[in-house]
Amino acid sequence: MTLPPGQRRIEGFPRFGAHLARPAPTVPADPVIEIRGAVTEAFDVPLATVDTLPRRELTADFHCVAGWSATGLRWEGVSFETFYRSVIAPALTPDTVVTHLGFRGLDGYRSIVSIQDALADNVLIAERLDGHPLDGDHGAPARLVSPAQYGYVSIKHLCRIDVHTAETLPRVSPLSDLLFRAHPRARVWAEERNGVLPTWLVRPVYRALKAPLLYICARGSGQSRTPPPRRMDRGSG
Ligand SMILES: Nc1nc2c(c(=O)[nH]1)N[C@H]1C(S)=C(S)[C@@H](COP(=O)(O)O)O[C@H]1N2
Ligand SMILES: [Mo]
């Protein structure tokens, strides 16, 4: 099986992200996706409403910018294009030309996606992975999945979408921000890893960070929060 340039296959599907050692955010009792920006009136879409849209299944590989790829993941949810056309498009202010969508997770993590990339055929709002509801590690209760782009686009714990009519340029800030600046397209097959720095430079840097980040993320994961059995517990009934 071929992987995009600079990617290496990883066993399974690790938890990864900027939340690092923190556990996944708590899922509200009645989760919604807030729609904000260039709409006539701000509104919230209950996830229960998303569930009334036609279901879509997708098997795809997942590519993190740090260089690991998880292969053959089976997602279930709703096509993002269907969601956009039936929920967002009817609410746009008249004559609006949408250029980008901002996605936000319950942990505050964000991505900005061009409308063209967001409406690509294989982009999903996913609620299930490999036959099970999404767990905290992988984005409960729902996440974006955009397999043609680096993982940082695929916002977990999706809670808000901002409709933009112009590209919002990221603020100028320190080196760390430069190093992790998202690419405006982030297409994996074109190896668009970073928005400012060249691929040859960031590829080895990201790769060096991969193992320590995987370790830190695993420490905050649902699985590792179960304490190991203590000797004292044994024989206590
Ligand atoms: N809400 C949220 N979404 C996120 C992240 C995050 O930290 N928070 N990390 C991104 C990155 S960099 C990657 S590689 C993938 C990892 O998804 P996984 O934890 O399901 O493997 O989620 C992306 N979406
Ligand atoms: Mo990533």
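Both counts, for ligands and for their atoms, begin at 1 and track the order of listing. Numbering starts at 1 and runs along the sequence shown.
At distances below 3.5 Å, not a single donor-acceptor pair connects side-chain atoms of Gln149 with backbone N or O atoms of Arg187. Proximity of a side-chain donor or acceptor of Thr93 to a complementary backbone N or O of Ala38 within less than 3.5 Å is detected.
Side-chain atoms of Thr71 and Arg9 form a donor-acceptor pair, as typed in the model, at a separation below 3.5 Å. Side-chain contact of Thr52 with Thr49: a donor-acceptor pair under 3.5 Å is absent, judged by distance alone. Between the side chains of His164 and Thr99, no donor-acceptor pair is found at a separation under 3.5 Å.
Using the six-membered ring where Trp is involved, His138 and Phe13 have ring planes that are parallel, under 30° apart on the 30 and 60° scheme.
Shown here for Pro184 and Asp117, the closest heavy-atom pair between the two residues is O-OD2, 4.4 Å. Looking at every heavy atom in both residues, Pro141 comes nearest to Leu106 through CD-CD1, 4.4 Å.
For atom 22 (O) of ligand 1, the closest non-hydrogen atom of the protein is Arg143 NH2, 3.4 Å. Closest to atom 20 (O) of ligand 1 among all protein heavy atoms lies His138 ND1, 2.6 Å. Considering only non-hydrogen protein atoms, atom 7 (O) of ligand 1 sits nearest to Ala18 N, 2.7 Å. Nearest protein heavy-atom neighbour of atom 23 (C) of ligand 1: Gly151 O, 3.2 Å. Annotation: atom 1 (N) of ligand 1 to nearest protein heavy atom, Asp107 OD1, 2.8 Å. The protein heavy atom nearest to atom 24 (N) of ligand 1 is Ser154 O, 3.0 Å. Distance from atom 3 (N) of ligand 1 to its nearest protein heavy atom, with residue and atom name: Lys156 N, 2.9 Å. The nearest protein atom to atom 16 (C) of ligand 1, hydrogens excluded, is given as Phe16 O, 3.3 Å; this is a heavy-atom distance.
Per-residue contacts place Ile155 under 4.0 angstrom from the following atoms of ligand 1 (heavy atoms of the residue considered): 3 (N), 24 (N). Heavy-atom proximity to Arg15, at under 4.0 Å, picks out these atoms of ligand 1: 19 (O). Listed by atom number, the atoms of ligand 1 under 4.0 Å from Pro14 heavy atoms are 18 (P), 19 (O), 21 (O). Under a 4.0 Å criterion applied to the non-hydrogen atoms of Gly17, ligand 1 contributes the atoms 7 (O), 9 (N). For ligand 1, the atoms sitting less than 4.0 Å from at least one non-hydrogen atom of Cys64 are 14 (S), numbered in the order shown with element in parentheses.
Cluster annotation: Phe80 is not connected to Val32 through the hydrophobic network of ILVMFWY side chains, with a link wherever side-chain heavy atoms come within less than 4.5 Å.
When non-hydrogen atoms are compared, ligand 1 lies under 4.0 Å from neither the backbone nor the side chain of Leu106. By the criterion of a heavy-atom distance under 4.0 Å, neither the backbone nor the side chain of Ser111 is placed next to ligand 1.
In the candidate list Phe103, Phe62, Tyr152, Phe62 is nearest to atom 15 (C) of ligand 1, counting heavy atoms. Of all the listed residues (Tyr109, Phe13, Trp68), Tyr109 holds the heavy atom that lies closest to atom 12 (S) of ligand 1.
Paired with Leu179 under the rule side chain to side chain contact (heavy atoms under 4.5 Å, CB included), one option of Val196, Leu201, Val205 passes, and it is Val205.
In this structure, Tyr152 has its ring center at least 6.0 angstrom away from the ring center of Phe16.
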